[in-house]
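All values reported here derive from a predicted model rather than from experimental measurement. Just so you know, residue 1 is the first one in the sequence shown, and it goes up from there.
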Amino acid sequence: MGKTLPVSLYGGAYKAPNVLADAQECINLFVENNLSPQAAFPATHYPTPGLKLLATPPVSAGQRCQYRATNGDLFVVVGPNVYFVDVTFSYTFLGAINDLITPVSMADNGTDIMIVDGSEDGWTINLATRAFAQIVDPAFYGSPHVDYIDGFFILSQPNSRNFYISLFNST
């Protein structure tokens, strides 16, 4: 096994006009220069919060996922609750998923969002109506993660080395 080397993320908190000069942008990180000659890197990036609190979820539970759909809508999972968040940062309850501590994954095909949580269950949200439903297809096995590529949802079967895909442009 080869030697691993750390990657330096040194750079300013700006984006250069030309990507040939600098293709990185520093968002919500404060850059502090390390003046010590023993420092492994010339700078350290510290996380910083946003400038003001825009909203808080209606329940106090762990936030498991935030997803910006292809139509621009924002969906959030807090505990077992799935919400639509509008442009005024108001939360609208859509439905509930399993009450687990696992991360949630979402992907959409422009018509529907698929939601998975690592269990054998899955759910959908229709982007036009925001109708929330559980997936009941016997060929659905659940997944810890979902992606959408070239018209297909791609999932991995929980507790296995198997993956499976949806029908074309279908949930």
### Query
Going by the salt bridge (charged side-chain N to carboxylate O under 4.0 Å, His left out) test, which pairs reach into residues 135-163, not counting sequence neighbours?
none
### Task
Supply the atom-to-atom distance Phe163 CZ to Ile165 CD1, rounded to the nearest 0.5 angstrom.
7.5 Å
### Interatomic distance, Ser166 atom OG to Leu155 atom CG [nearest 0.5 angstrom]
7.5 Å
Remaining members of hydrophobic cluster (4.5 Å side-chain criterion), [X]:
X      : result
Leu167 : none
Leu100 : none
Val136 : none

Heavy atoms, side chains only, cut-off 4.5 Å: are [X] and [Y] in contact?
X      : Y      : answer
Leu127 : Asp108 : yes
Gln66  : Val85  : no
Val116 : Val104 : no

Where is the tightest heavy-atom contact between [X] and [Y], given as atom of each residue plus distance?
X      : Y      : value
Ser105 : His145 : OG-ND1, 3.2 Å
Phe140 : Met114 : CE1-SD, 4.1 Å
Gln134 : Gly122 : CG-O, 3.4 Å
Pro80  : Asp99  : CD-OD1, 3.6 Å
Ile113 : Ala69  : CD1-CB, 4.2 Å
Asn98  : Ser119 : ND2-OG, 2.8 Å

#### Entry: Heavy-atom neighbours of Glu120 CD exceed 12 at 6.0 Å
no
### Message
Please check if the number of heavy atoms outside Ile101 that lie under 6.0 Å from its CD1 is greater than 12.
### Response
no
### Task
Please assess Val59 against Tyr83 for the test side chain to side chain contact (heavy atoms under 4.5 Å, CB included), listing each intermediate value before the final yes or no.
CA-CA 11 Å; Val59 296; Tyr83 297 98; 3.6 Å; yes
### Query
Which residue, Phe168, Phe153, Tyr67, forms the ring pair (Phe, Tyr, Trp, His ring centres under 6.0 Å) with Tyr148?
Phe153
Measure from the side-chain N and O atoms of [X] to the backbone N and O of [Y], and report whether any donor-acceptor pair falls under 3.5 Å.
X      : Y      : value
Asp117 : Pro103 : no
Arg64  : Gly79  : yes
Ser143 : Ser156 : yes
Tyr141 : Tyr164 : no
Thr102 : Gly118 : no

### Query
With sequence neighbours excluded, what pairs up with Asp112 under the side chain to side chain contact (heavy atoms under 4.5 Å, CB included) test?
Asn109, Asn126, Thr171
Enumerate donor-acceptor pairs with a distance under 3.5 Å from any side-chain N or O in residues 90-97 to protein atoms, sequence neighbours excluded.
{"from": "Ser90", "atom 1": "OG", "to": "Thr88", "atom 2": "OG1", "distance (Å)": "3.1"}

### Task
Measure up the Phe75 and Phe84 rings against each other and bin them: parallel (under 30°), tilted (30 to 60°), perpendicular (over 60°).
tilted
### Task
Please answer: with hydrophobic residues joined when any side-chain heavy atoms are less than 4.5 Å apart, are Val78 and Trp123 in the same cluster?
no
### Message
Is there a side chain to side chain contact (heavy atoms under 4.5 Å, CB included) between Gln63 and Val77? Walk through the geometry before answering.
### Response
CA-CA 6 Å; Gln63 187 162 307; Val77 179; over 6 Å; no
